[in-house]
Amino acid sequence: MKITVDQDKCCGAGTCVLLAPDVFDQRDEDGIVVLLDAEPPAELHPLVREAASVCPAAAISVSS
Amino acid sequence: MPRRRDLGVVVTLIVGASAAGLATAEALRRKGYTGRLTILGAEPHLPYDRPPLSKQVLSGAWEPAKAQLRPAEALAALDAEFVLGDPAVHLDVAERAVHTASGRVLEAENVVLATGLRPRTLPGQRTLRTLDDALALRSDLPQCKRAVVVGDGVLGAEIAATARQMGVPVTLAGPQQAPMELQLGPVVAGLLAELHTSQGVDLRLGAAVTGVEDDGVLLETGDVLPADLVVVAFGSAPATEWLSNSGLVLGNGVVCDSRCRAADGIWAVGDVARWHHETLGRLVRLENRTNATEQAVAVAANILGADQPYTPVPYFWTDQFDAKIHVHGFAGPEASVVEGSLAERRFVVRYHRGGEVVGVLGWNMPKQARQHRQAITPRCPATAAASTPGAA
């Protein structure tokens with residue numbers, strides 16, 4: 001799995017951080033997404049896919 | 001007529017090809033659903049996102065393609081059939097069959113209703129709900145001498161801010177004392193009013209609009225606000241008129257149980273769904289972007305047998321000028337600053353009622369607001385602010 005995030009689309013909701021805090025964080029100053037792990041281990045894949053799907057700004061893409 | 005399930009083919013039909021419908025399809029696949037999946041959309045476009053319409057798409061910062069919810073390869077990987085540009089016109093609950101404007105009849109094992117909202121308007125006036133609405137407005141705004149935005153909720157305030165940033169003279173009209181007072185409470189709404197005024201928006205609040213005349217917008221006070229372009233953004237209604245003779249219980253949305261089920265094999269998700277929120281102890285309908293996808297996850301799980309109640313903490317955000325405002329739970333008059341400062345326009349406030357924390361708001365502190373979200377009491381009291389017309 002390879003994750004990419006679009007910081008220009010990110011709205012700072014933090015939904016991804018609530019789901020997968022080992023993979024996503026937010027910048028302190030403006031809440032924009034920070035990708036901690038672009039290729040996370042397999043056990044996190046279901047949560048990452050959910051984070052990509054529920055992101056309210058459609059800012060997360062996942063390729064396999 | 002033989003049912004498709006009688007033929008051994010499992011079919012899920014999702015009526016609505018926007019955020020809630022698409023997320024339901026994705027969640028079904030993610031959770032292992034391998035049956036047929038059909039997504040029916042009223043608009044001709046592939047799924048696109050609505051929050052950018054009043055901001056980046058309207059301003060021209062984004063071309064429409066950037067507002068698409070998924071790239072083509074992701075949609076292809078979903079293995080779903082998209083039937084677009086064909087509105088649903090009737091639901092046969094017993095047969096679980098949806099009839100469309102073009103005459104199609106689509107039968108399914110499970111039908112998911114995700115038809116969203118229809119904006120309320122004044123006769124002959126424009127609104128902003130669809131991509132086509134946004135593009136028309138984007139093309140016309142720069143030519144106008146004075147635009148009046150009718151509606152002081154989230155959508156109206158966003159349109160006014162974006163239009164002003166495009167250099168257009170703008171008046172914002174509505175009945176509240178400050179923009180978004182219902183969603184923000186009086187203190188923060190007051191700051192938002194200051195922001196709009198400082199950026200040159202002419203706020204004409206505290207008086208209801210009664211109509212539109214040739215030369216402008218008529219207020220209940222008898223005043224006329226001059227305008228050569230009017231946008232109406234004073235709320236929406238759930239798009240349920242096509243269900244009026246279906247036998248489903250309708251009342252400010254499709255009324256559902258705590259599992260978001262309207263009838264056997266019929267589910268509702270997103271702006272159109274009014275379901276029993278077990279921890280709030282009442283029927284709730286949320287018009288916000290996060291609910292569309294979170295409820296979709298819950299509905300997909302329940303279709304597959306999870307039998308779980310859906311009990312979210314409401315959340316929405318709005319971007320206006322340099323302010324990024326994030327609200328978790330419910331706002332109200334009792335607010336206290338817990339981080340940052342109002343003067344610096346960078347803060348988190350908590351909203352209280354009866355000694356309990358019922359909401360958290362961040363102004364240019366999205367991460368910190370999210371971190372305070374856990375302070376919200378799950379059983380927060382009911383308020384009208386649960387519904388946030390036009391909100392993201």
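All values reported here derive from a predicted model rather than from experimental measurement. Every chain is numbered from 1, with letters handed out A, B, ... down the list of sequences.
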Notebook entry, point to check: When only pairs under 4.5 Å are counted, which of A:I32, A:V62, A:V17 shares the most heavy-atom pairs with chain B?
Noted result: A:V17
Next item on the list: Determine the minimum heavy-atom distance between B:P366 and A:G12, stating which atoms define it.
Entry: CB-O, 3.5 Å
Can you check whether chain B and chain A share any donor-acceptor pairs under 3.5 Å, and give the atom names and distances if they do?
residue : atom : partner : partner atom : Å
A:D8    : OD2  : B:K66   : NZ           : 2.4
A:K9    : NZ   : B:K66   : O            : 3.1
A:C11   : O    : B:H326  : NE2          : 3.4
A:D25   : OD1  : B:K367  : NZ           : 3.3
A:Q26   : O    : B:K367  : NZ           : 3.0
A:Q26   : OE1  : B:R370  : NE           : 2.7
A:Q26   : OE1  : B:R370  : NH2          : 2.7
A:D28   : O    : B:Q368  : NE2          : 3.0
A:D28   : OD1  : B:K367  : NZ           : 2.9
A:E29   : O    : B:R346  : NH1          : 3.0
A:S53   : O    : B:R70   : NH2          : 3.2
A:S53   : OG   : B:E26   : OE1          : 2.5
A:S53   : OG   : B:R30   : NH1          : 3.3
A:V54   : O    : B:T293  : OG1          : 3.1
A:P56   : O    : B:R289  : NE           : 3.4

